[in-house]
Amino acid sequence: MAYWLFKSEPDTFGIDDLKSRGAKGEHWDGVRNYQARNMLRDEVKKGDLLFFYHSNCEVPGIVGIAEVIKSAFPDPTQFNPESKYYDPKATPENPRWFCPQVKFQSKFKSTISLEQLKQIPALQDMALVRKGNRLSIMPVSADQWQFILGLAQ
DNA sequence: GCCAACGTTGGC
DNA sequence: GCCAACGTTGGC
């Protein structure tokens, strides 16, 4: 069992959108970064938990928790010419991008802001708080997970 | 295989 | 909307 942090823009797909999907959850599509892809494809497993992070919004930060309910399968948007995530070099026989299925677990009463996270010495190893970080999928250690959980109300 | 140009992410 | 920090692309 591993822990992760997934970023999403709330205007596009926020934690409330995931909550509305209920027990069936939603597939986490649109990841088009190789480092993130490799983690999704090789390491993110059913039963893993993730912090749901809102980016590009008024208060960027962790807003809740979701659970991986199916490990990665080929991201269908890569085969769809109508999709903004279409990749002409990907084929069903040789898919390039992958997505797991996740479902809502809980939402924090208030956002644990990036500003707050940056000020915690115990979390300075997280890619999230490092300057220029653009990874949309990143691992969270068990210690970091517990520490951040302690900040949630 | 180098690297300039370009595109994207995401905090501010 | 700005722009720093990356990542990707493509000419050579």
Side-chain angles (χ1 to χ4, degrees), chain A residues 2-21 25-44 48-68 72-102 104-141 143-145 147-153:
Chain A
Y3 300 107
W4 304 95
L5 182 144
F6 285 17
K7 291 182 184 174
S8 186
E9 300 188 14
D11 289 347
T12 306
F13 187 81
I15 192 160
D16 292 330
D17 296 305
L18 184 61
K19 185 177 182 179
S20 74
R21 301 298 193 273
E26 185 58 276
H27 61 290
W28 199 272
D29 64 14
V31 173
R32 293 293 181 272
N33 168 283
Y34 285 104
Q35 205 179 336
R37 187 281 307 267
N38 292 345
M39 288 189 272
L40 285 181
R41 185 191 57 192
D42 305 332
E43 298 176 50
V44 174
D48 286 359
L49 296 176
L50 57 103
F51 284 132
F52 198 115
Y53 179 93
H54 279 176
S55 64
N56 254 319
C57 56
E58 197 172 347
V59 183
I62 298 170
V63 294
I65 296 172
E67 178 186 348
V68 177
F73 52 94
D75 180 342
T77 62
Q78 68 192 306
F79 309 126
N80 178 9
E82 306 295 314
S83 171
K84 68 181 259 196
Y85 297 120
Y86 177 61
D87 185 341
K89 292 176 182 169
T91 63
E93 295 74 29
N94 195 11
R96 179 179 288 192
W97 307 108
F98 295 83
C99 61
Q101 187 89 7
V102 307
F104 173 84
Q105 186 177 91
S106 65
K107 182 180 177 179
F108 300 151
K109 286 203 175 65
S110 59
T111 301
I112 301 172
S113 69
L114 176 62
E115 186 184 13
Q116 187 181 353
L117 294 168
K118 279 180 170 173
Q119 289 169 2
I120 298 166
L123 300 179
Q124 295 316 297
D125 286 342
M126 288 185 77
L128 182 70
V129 302
R130 288 207 284 270
K131 192 177 181 183
N133 164 62
R134 287 167 44 182
L135 255 191
S136 61
I137 306 285
M138 67 185 77
V140 175
S141 74
D143 286 348
Q144 290 163 349
W145 181 270
F147 194 97
I148 293 169
L149 266 192
L151 301 172
Q153 300 184 349

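Letters A, B, ... are given to chains in the order of the sequence lines, protein chains preceding strands, and every chain is numbered from 1. This is a predicted model, so every value here is computed, not measured.
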Side-chain N or O of A:K131 closer than 4.0 Å to phosphate OP1/OP2 of B:dC12: no

Taking the minimum atom-to-atom distance to the side chain of A:S136, which one of B:dC12, B:dG10, C:dG7 wins? B:dG10

Between A:Y53 and B:dG11, is there a side-chain N or O to OP1/OP2 distance below 4.0 Å? yes

In this structure, is the centre-to-centre distance between the rings of A:F73 and A:W97 below 6.0 Å? no

Presence of A:K7 side-chain N/O under 4.0 Å of B:dG10 phosphate oxygens OP1/OP2: yes

Quick one: which of C:dT8, B:dG11, B:dG10 gets closest to the side chain of A:L114? B:dG11

Rounded distance (Å) that lies between atom C1' of B:dG11 and atom CG of A:N133: 11 Å

Any salt bridge between A:K107 and A:D16, counting N to O under 4.0 Å? yes

A:N38 atom CG is separated from C:dG7 atom P, nearest whole Å, by 13 Å

Let me know, please, whether A:N56 or A:R32 comes out on the 5' side of the other along DNA chain C by nearest nucleotide. A:N56

A:Y85 OH to B:dT8 P, straight-line distance once rounded to whole Å: 11 Å

Heavy-atom distance under 4.5 Å between the side chains of A:P100 and A:W4, does that happen here? no

Student check: side-chain heavy atoms of A:F98 and A:V44 closer than 4.5 Å: no

Measure from CH2 on A:W97 to C1' on C:dT8 and round the result to the nearest Å. 10 Å

Whichever of A:N33 and A:K89 has the more 5' nearest nucleotide on DNA chain C, that residue is A:N33

Protein-nucleotide distance (A:F6, atom CZ; B:dT9, atom P), rounded to Å: 17 Å

